[in-house]
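Each remark here refers to the structure printed beneath this line.
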Amino acid sequence: MMIEQVRKEFPLLTETVNGNPLIYLDNAATTQKPIMVLDAIDAYYKTYNSNVHRGVHSLSMKATEAMENTRELVRSFLNAKRTQEIIFTSGTTAAINLVAYSYGRKVLQPGDEVLLSGLEHHSNIVPWQMICEEKGATIRIIPFNEKGELVLSELKHLITDKTKIVAVNHISNSLGTINDIKTIIEKAHQVDAKVLIDGAQAVAHLPVDVQALDCDFYCFSGHKLYGPTGVGILYGKEEILDAMPPFFGGGEMISCVTFEKTTYNELPFKFEAGTPNIVGNIALGTAIQFLNSYSWDDIIMHEEKLLEYLTVELLTIDELKIYGTADHKTSVVSFLVGDTHPYDVGVLLDKLGIAVRTGQHCTEPLMDHFGIPGTVRASLSIYNNKEDVDALISGLKKTLPMLL
Ligand code: PLP
């Protein structure tokens, strides 16, 4: 894989910020978009903007076909059995809420338990807290060790007959840990609990096979996968989705409506009320085609090498501590230097055109565990190169003396 060629696909990478060439290291928050995704958005609005599924006219049929083509691309990307199992949502957050409010509300009883991990994003905590409060169920947490790895030996105490749902991330957005979700799924299935995997940070960094994993739900956001914001996917096993009640009511999701009774549309439309983000869904398909044009071996090798280089170089800086040193991790390095505040570091790096994330990264319980206010997080993607890392390191060496 020629990184210089890859970089040429991303117009934004040639921007300057505060008079300096942009160094974009905030990919875990959102990725930049390749030209083909931008062109797909432009082409939709310029040549076939139209509503989907309802029209018999040519534009509507073209838009419907393009959007349904994305559904098939996602099916194949996740290796799901059928396109009926692929639901368009507005993102990971919406997908998790859908499962909590449809599946969770249906099955949870007082005394039941929902098992999360200590590494979860707020999106995979708060919807469960809300539904557990409503249903009288309890949340339990899989702990993690100092390296940021889940302590799976605890599962024998945590997964019991009371466990109805397990919801964990595939990759931690704050620490980069790749969780052993296969083991978690196997253990949960031994007590018939259903498992939701939050794949927001995973899909751009490793291949996902929902059939091999045997997860019940898997969700991700388009914007972390070189696609647009405001779109995401919920995968669910067909028999589970079939038995779930709809979450949103409205157009598209119905089969027949009278004032006495409404019957619902079949999968996947049962969960897709209202006009979807048509252009976003179409462009998500283009983003997947972009990713499919590279081999996973090349992507993984490139990101692993760069992660190692970034880690080694960061550790040359005095008083720098990395949070998250799991044996199995990817593309994210969270760190603090001495007693500097992450925001101060982030603001000074920005003056040099370097974009990193600072703060709690929507994982407040994780930060509380480490007893820190947050971290500086540099996160990598397919288009980052050694020069980006070098710029970060020299930026840190330049700015830190002002703070320490
Ligand atoms: N889960 C994880 C692990 C994330 O990193 C994020 C976003 O940062 C989310 C969920 C929420 O994704 P979105 O805001 O796209 O719905």
Side-chain angles (χ1 to χ4, degrees), residues 24-33 37 74 87-101 116-130 141-142 144 148-150 166-181 184 195-206 208 215 217-235 247-248 271 276-277 280-281 283-284 287-288 323-324 326 328-334 355-367 374-381:
Y24 190 74
L25 292 167
D26 193 17
N27 295 287
T30 198
T31 53
Q32 300 305 339
K33 319 303 169 199
V37 167
V74 174
I87 316 284
F88 287 123
T89 69
S90 64
T92 307
T93 304
I96 297 170
N97 275 275
L98 194 165
V99 177
Y101 279 96
L116 312 176
S117 91
L119 302 178
E120 296 314 310
H121 188 281
H122 296 164
S123 295
N124 201 25
I125 300 174
V126 184
W128 300 113
Q129 283 176 328
M130 290 161 76
I141 302 296
I142 309 171
F144 57 91
E149 297 162 328
L150 294 181
V166 179
V168 290
N169 64 47
H170 197 165
I171 294 179
S172 154
N173 65 307
S174 289
L175 306 181
T177 314
I178 304 175
N179 291 312
D180 178 4
I181 53 172
I184 297 173
V195 184
L196 175 141
I197 303 297
D198 168 358
Q201 293 296 334
V203 283
H205 302 289
L206 45 81
V208 173
C215 54
F217 302 101
Y218 195 100
C219 47
F220 68 88
S221 301
H223 69 99
K224 297 186 198 277
L225 183 75
Y226 313 109
T229 50
V231 293
I233 295 295
L234 171 66
Y235 155 83
F247 171 40
F248 281 120
F271 293 109
N277 184 345
N281 291 339
L284 170 61
I288 290 176
Y323 290 85
H328 206 197
K329 71 174 275 191
T330 183
S331 36
V332 168
V333 185
S334 262
V356 291
R357 200 72 168 179
T358 56
Q360 298 175 332
H361 320 302
C362 294
T363 54
E364 197 173 339
L366 188 157
M367 297 299 155
T375 67
V376 181
R377 181 186 71 182
S379 52
L380 304 167
S381 85

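Any value given below was found using the heavy atoms of this structure, including those in side chains, with hydrogens, waters and symmetry copies removed. Remember, it's 1-based here, ligands and their atoms both numbered in the order they're listed. Numbering of residues begins at 1 and proceeds along the displayed sequence.
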Next on the checklist: Tell me the contacting part of T92 for ligand 1: side chain, backbone, both, or neither, using a 4.0 Å heavy-atom threshold, strictly below.
Outcome noted: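 Both the backbone and the side chain of T92 come within reach of ligand 1.
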Next on the checklist: Below 4.0 Å, non-hydrogen atoms only: which portion of H223 touches ligand 1? Side chain, backbone, both or neither.
Outcome noted: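 Under 4.0 Å from ligand 1, H223 contributes side-chain atoms alone.
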Which pair of non-hydrogen atoms, one from [X] and one from [Y], has the smallest distance, and what is that distance?
| X | Y | value |
| --- | --- | --- |
| G176 | I171 | O-CG2, 3.8 Å |
| F220 | T92 | C-OG1, 3.2 Å |
| H361 | T375 | NE2-OG1, 2.7 Å |
| L225 | T31 | N-OG1, 3.7 Å |
| Y24 | T30 | OH-O, 2.7 Å |

Which is closest to [atom] in terms of heavy atoms, [options]?
| atom | options | answer |
| --- | --- | --- |
| atom 13 (P) of ligand 1 | S379, S221, C362, G91 | S221 |
| atom 14 (O) of ligand 1 | T93, I96, V332 | T93 |
| atom 5 (O) of ligand 1 | K224, H361, Q201, R357 | Q201 |

For [atom], the protein heavy atom that lies nearest, with its residue and separation:
| atom | answer |
| --- | --- |
| atom 11 (C) of ligand 1 | S123 OG, 3.4 Å |
| atom 4 (C) of ligand 1 | H121 CD2, 3.3 Å |
| atom 10 (C) of ligand 1 | D198 OD2, 3.3 Å |

Item to check | 4.0 Å heavy-atom contact, N124 with ligand 1 | outcome: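 No heavy atom of N124 comes that close to ligand 1.
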Checklist entry - Can you tell me if H122 has a non-hydrogen atom under 4.0 Å from ligand 1? => result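 Distance cut 4.0 Å: H122 fails for ligand 1.
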Checklist entry - Aromatic rings Y218 and H170: how do their planes relate, parallel, tilted or perpendicular, breaks at 30° and 60°? => result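 Plane angle over 60°, so perpendicular.
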Item to check | Single hit among N124, T89, I125, L234 for side chain to side chain contact (heavy atoms under 4.5 Å, CB included) with I96 | outcome: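 When N124, T89, I125, L234 are each tested with I96, the side chain to side chain contact (heavy atoms under 4.5 Å, CB included) holds only for N124.
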